[in-house]
Every structure is written in C-alpha cells, then in structure tokens.
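Below is one structure, written out as structure tokens; the observations come after it.
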Amino acid sequence: MGNGNSTEAKESRRSKMRQKIQNFRSRRRLSRPGSGSVSGLVSQRSVSADDFAGIALLTLIGAEMKFKDKWLACVSFGEQTFRSEISNSTEKPIWNSEKKLLLEKNGPSLARISVFETNRLLKNNIVGYCELDLLEFVVQEPDSACKSFDLLDPASSNVVGSMFVSCSVEDPVETETCFAKRILSIVDYDEDGKLSFSEFSDLMNAFGNIVAANKKEELFKAADLNGDGVVTIDELAALLAVQQEQEPIINSCPVCGEALQLDKLNAMIHMTLCFDEGTGNQTMTGGFLTDRQASYGWMFKLSEWTHLATYDVGLNTGSSASHIVVIDRKTKRLVEELIDSKIVMSMRAIYQSKIGLRLMDQGAKEILQNLSEKQGKKMNTVESAQNIPSFLEFFKDQINMAEVKYPLDHFKTFNEFFVRELKPGARPIACMDQDDVAVSAADCRLMAFQSVDDSTRFWIKGRKFSIKGLLGNDVQSDAFLDGSLVIFRLAPQDYHRFHSPVSGVIEKFVNVSGSLYTVNPIAVNSKYCNVFTENKRTIVIISTAEFGKVAFVAIGATMVGSITFVRQEGDHVKKGDELGYFSFGG
Amino acid sequence: STVISVFEKDSIKIDEDLLANSARSLETLVTVGMQLAQMVWTKAKMRL
C-alpha cells in the first residue's frame, strides 16, 4: 500500500509537473507577438493608418568580440525583446537572425541590441550593447546594407566589440499588396500559383469566416473570369483586398487563432508579423519583455515555470510578485528593475501577509526606525565611501556619471554620493516658459491618475488610503478630494533630489511623523499595508496661478528616511527648481 | 523614497501616455523636467 501510494504520489507529482510545463509552453506561445497576450503586442494596440510607417526586417548578422565564447544576442524594441540562437565558441559569432518589427511614426524607433556571453548554469552576462534608430537606419541605408556598430561596455562605455546589422523596411503599400498574395499561397497546396475552390474554401474556414457557402462561391466566381474553376493568386488577392474593405472576411488569424476585431490595417499587420512567427521564417525567439529576461540561462527557466505569472507588464500582486518591469518613456522600451531576490522574498513575507504586518505592528516599526537611523549614521562615515564603486557596478548601466556635477573622488561619504547633484542642464525642463505645463518632479518610476479612484483601482491597494489620510490633519484637504494624483517613486540608483513640478509660491510645510515602511510597489500593492498614509512625510503646499493649490508630499522609506528641504515658506519656485532631497537616515 | 503630487480636481490634464501606462499598472521611467500634464483652461479661467 505504502509503495502504491508513493508511486501514485510520484505519478501525481509528475503529472502536475507535466501540466505546469504544458501551461508554460502554451502561455509562452500565447505571449508571442501577434498572439494577443497582454504583453503590449501588436494585436492589442490599434495602429492608425497615419501612424503606420511600415514593417522593418532587422537582421542581426554577427559580431566581432575580443575573446572567445558562446554568444547570444538580444534585440529590445518597444515592449518586446527577441533573442538569437547561441553561437559556437568563437570570437566572431554569426547569427543571421531576422525579425520583423512594426514601425509606427510616433512609436518606438530605437532598438537596443545586447550581446551576452553564455553560461551553462548561471545567468548570462551582458558584454556589450549598441542602440540604433531603425527609422534613421532605413533612411540612411535604404538598400539594407550591412552596417557595423560599436558594442559598448555597459559599465564603462568602452568599446568591447562590433555588431553587424542590416535593416530594410517594406513600404506600407507594398506590405498590403504582398499580404493578400501571401495568405492565399498558404492554401496553394500544389504550389502552382492557382487556387481551386476547395483550397479557397479551406482558407475561408481558417479565417474563422462563417459566411454561407454560397457567399464563398460568389466571391470565387467573381474572380474566376474565364470560368475554368481555378483562379490565379494575383486575381483573387485583388478581389479579396476590395472585399475586405467592404465586408471583412478575415475574422481570425489562421496562425494563432486570435479573433481579429480591428480594422483591415491592423489585421494585416497582425498577420504579417504572426505568419513569420508561425512559419519559422524568423530565426529569433520572442516572448520576452526585457533583455534581462531573454538572457536568463536554463536554470532560471526552471524556476520560471513556477513563477510564470511574474512575467507580465508591471508588478503582479500577491504571492507572485517578484519582478518589476517599467517602461522607459524616452525609448518606449520595457526595463526590468534590479531588486535583490532576498529583499523581494523578505518584502513579500512582510508586506503581503496579515501575519507579516501583524509582526510589524508588534515592534518591527521600531526596528525599521532604528535600522534607518543606524544606516544613516553608517552612510555618513568616511568608510562608507568604499561602497560607492560596488554600488556603481551593481547599477552599471543605470547611473550615468558623465552627468553628475562632481567627480567620484569629491564624495567623502556614501550619503554625499547618494544625494549627488547633476550638472546644470543635465535635465532640460519641458516648456520652461509655459507655467501651464507641469513637469516631472524627480528621476523616477512614475504613476499618474486623473482621479483618486483610478489610483486605488490600478495601483494603491492599501485599504485605508485616502487623500485626507495622505495629507494629514493639518492640511485643508477638501480642494484635493478626488483630485489627480502623480506618484514619483525613486529607486536606489536614481538621482535622489526632488524638484518642483509647477511654478508658484510655497505656502507652507507640514511634517507628519510616521513609520518607515518600504515604498516599493510590493508594499504599495498590498491591501494590508498603507505606506502612503502611515509613513513619515513632509507636505508642501504650493500655490500656483495655473493649477490652484498643489500638494507636494515627500515620503520617507526604510533606510532612506531623511527628508531635507532647501526651500522655505514664502519662496517663489519656478518649475524644475530643486526643492530638496532624500538621504540615508531615520 | 517617493514623492506624490496631488492636484485639485479637474485642474490638470495628464499626458495620455502616462495615463495609459498607469492604467496597465505599469510604471513609466521619467526624468526631472519631462512634461507631465497641462493646465485645464476652464478651471483656470474660473480661478483667474
């Protein structure tokens, strides 16, 4: 019996694992471009004819590196990332990997190519990267000539190799013309360039079209001018193009099966990209959001099976929260935020469970306060400056020392470095002469909501959150009730000074004492935790001619709990002016 | 650390891309000085 049960249990475990793998594969498939996942892919966004610039064919030809290894290349473009196969062990990897990418006039145009040395067991290491503007590339190199780009070391910007790339763009009209021919050729089983009625009928079924048989016949006969029972693909393509305009007959994608409810242009874009994905013409693997994800070794993938839910945009709440993906506004590319896995684990344990928060109530608040004060003292010692190089190494491609006002040896403590100033002009202020335009108050990860309701629906999950709670009892909050909310979250590597988002006069400062919970989204997204209304904070009321009163709330967090203002009540501030900074301390 | 700006109801029109990302629970990486929102004229007129 015992053995039997054990065998059954093993079988059950195996079957569960198989099911997980199956789920992984099917979800992975669904997250590919054109498959209609929520990963911000082509099929989800409606592209207007005015915005459509064409479909670019990008080819990663190869690279020249300075040492031998097995190499892997990733392309990040907009919200998608693709990876090549792994090369042989060589200094000159050749991939010849192709990918078709949708170009929109106001969409992303900057592609980032990263080259990784591969590890069998560990995470692959990025060795170099380059960025190229695809729109510029195709204008400058219309013949899809191979062009080389310097690969830069993310830490030092030294050149570590060369990348060879080609790119061409299909004219939108050409894409449309080719499209109908292409879909018809799928069912041209005998490849004679002609379609029989049965072949045409099969295609209609694949498109999910439930039109009556007589409608199919009617269409077919219209194209079959000489009545010989077959029509050329060119003839039928022309007819289909017209017909699709009047009464869409393509209802679902024959590759991924997704219902196509968008207009003709979007259906065409979806299928043009999806067909390549499905027919194996493309040699790059998709389904990743960031190049970090695409570079993970197979050991990571094992854990990915059990944490698949984490691979979506933004932060997933609940027990699955472990990665944060943010979108870079400049490049329109997704970026994965670096958080130490141990910190993630502890934050989940503390902030996403009732037990964790209960423990927090029973003395842990004081521990956080003491920890922050202790850390503040430590970071003000001369010895703490030794931590600066390792900090820079950890965030190597995210801190640009070239824009910092002083050189590294200027900073005598870590805290001095942490509150580093930037060179004048490093952060241009948008519409400087127009006070009716508000600007970002910090280098940060930003969330913006037109109403408080939206903010609680999409982001702030603490049950006790309210504007009154945020601003405290000493601020007249009636004017702000149901106002608009912008949340600027600073990550450790960010420039830690905050600036005025508007021009006006500082009316008053109100200090509210409180806890020093983390302000990481893991806590903000927890229904058990109310970081914004319970943390230590300073509220500044700025009176403006354009926006009325604006409440500016600086909220301290674990370890970084010291809030310093460099302005005073009555000061007139221009938007973009520095207001103060956060530093290590309690 | 975090900064939150609260604006009076109907006083600003936040940029569409920021709202769209936020509605997907997706934070947007921005730098100091990037455009955030514009004044809403009707409310401002009443005030002025």
Side-chain angles (χ1 to χ4, degrees), chain A residues 313-315 325-329 335 427-431 436-450 454 458-459 467 470-471 479-490 495-496 498-499 501 519 532 545-557 560 576 582, chain B:
Chain A
V313 291
L315 177 88
V325 175
V326 299
I327 187 164
D328 185 328
R329 196 185 198 192
V335 184
R427 294 286 180 271
I429 307 300
C431 309
D436 58 348
V437 175
V439 297
S440 171
D443 279 12
C444 65
R445 295 99 224 287
L446 177 145
M447 294 294 270
F449 303 101
Q450 203 64 50
D454 285 351
F458 296 120
W459 196 241
I467 290 293
L470 174 71
L471 301 181
F480 299 110
L481 297 179
D482 205 28
S484 302
L485 208 67
V486 185
I487 304 166
F488 308 87
R489 179 174 66 87
L490 285 73
Y495 161 67
H496 259 68
F498 47 80
H499 296 240
V519 289
F532 295 150
E546 293 76 19
F547 303 99
K549 289 192 195 312
V550 177
F552 182 94
V553 189
I555 303 173
V560 188
F582 293 109
Chain B
S1 324
T2 285
V3 169
I4 299 183
S5 285
V6 189
F7 293 83
E8 292 177 13
K9 192 181 177 191
D10 299 329
S11 65
I12 58 165
K13 186 179 182 301
I14 297 169
D15 286 7
E16 280 301 325
D17 64 324
L18 301 175
L19 287 178
N21 293 338
S22 303
R24 296 164 64 198
S25 302
L26 178 63
E27 292 175 298
T28 310
L29 208 57
V30 298
T31 52
V32 170
M34 277 188 180
Q35 180 168 318
L36 186 70
Q38 285 184 297
M39 174 184 78
V40 172
W41 273 100
T42 46
K43 181 91 179 191
K45 263 185 198 166
M46 279 164 57
R47 209 168 23 242
L48 294 168

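Note that this is a predicted model, so its numbers are computed, not measured. Residue numbers begin at 1 in each chain, while the letters A, B, ... track the order of the sequences.
- From A/Met447, atom CE reaches atom CG of B/Asn21 across 8.5 Å, with rounding to the nearest 0.5 Å.
- A side-chain contact (heavy atoms from CB on, under 4.5 Å) with A/Ser440 is found for exactly one of B/Val30, B/Thr31, B/Val32, namely B/Val30.
- Between atom CG of residue A/Leu471 and atom CD1 of residue B/Ile4 there is a gap of 9.0 Å, rounded to the nearest 0.5 Å.
- Closest non-hydrogen pair, A/Phe449 versus B/Ser22, comes out as CE2-CB, 3.6 Å.
- Atom CE of B/Met39 and atom CZ of A/Phe547 lie 7.0 Å apart (nearest 0.5 Å).
- Residues B/Ile14 and A/Ser484 approach most closely at CD1-CB, 4.1 Å, considering heavy atoms.
- The two residues A/Phe582 and B/Thr2 come nearest to each other via the heavy atoms CZ-O, 3.5 Å.
- A heavy-atom distance below 4.5 Å is not found between the side chains of A/Val486 and B/Leu18.
- Between A/Arg329 and B/Asp17, the shortest heavy-atom contact is NE-OD2, 2.8 Å.
- Distance check: B/Glu27 CD to A/Arg489 CZ gives 4.0 Å after rounding to the nearest 0.5 Å.
- Shown here are the side chain to side chain contact (heavy atoms under 4.5 Å, CB included) partners of A/Ala430, two or more places apart in sequence or in another chain: A/Val439, B/Gln35.
- Taking CD of A/Gln450 as the start and NZ of B/Lys13 as the end, the distance is 7.5 Å to the nearest 0.5 Å.
- Counting all heavy atoms, side chain and backbone alike, B/Ser1 lies closest to A/Val560 at OG-CG1, 3.2 Å.
- Separation of atoms OG (B/Ser5) and CZ (A/Phe480) is listed at 10.0 Å; rounding is to 0.5 Å.
- Partners of A/Asp454 under the salt bridge (charged side-chain N to carboxylate O under 4.0 Å, His left out) rule, at least two apart in sequence or in another chain, are A/Arg457.
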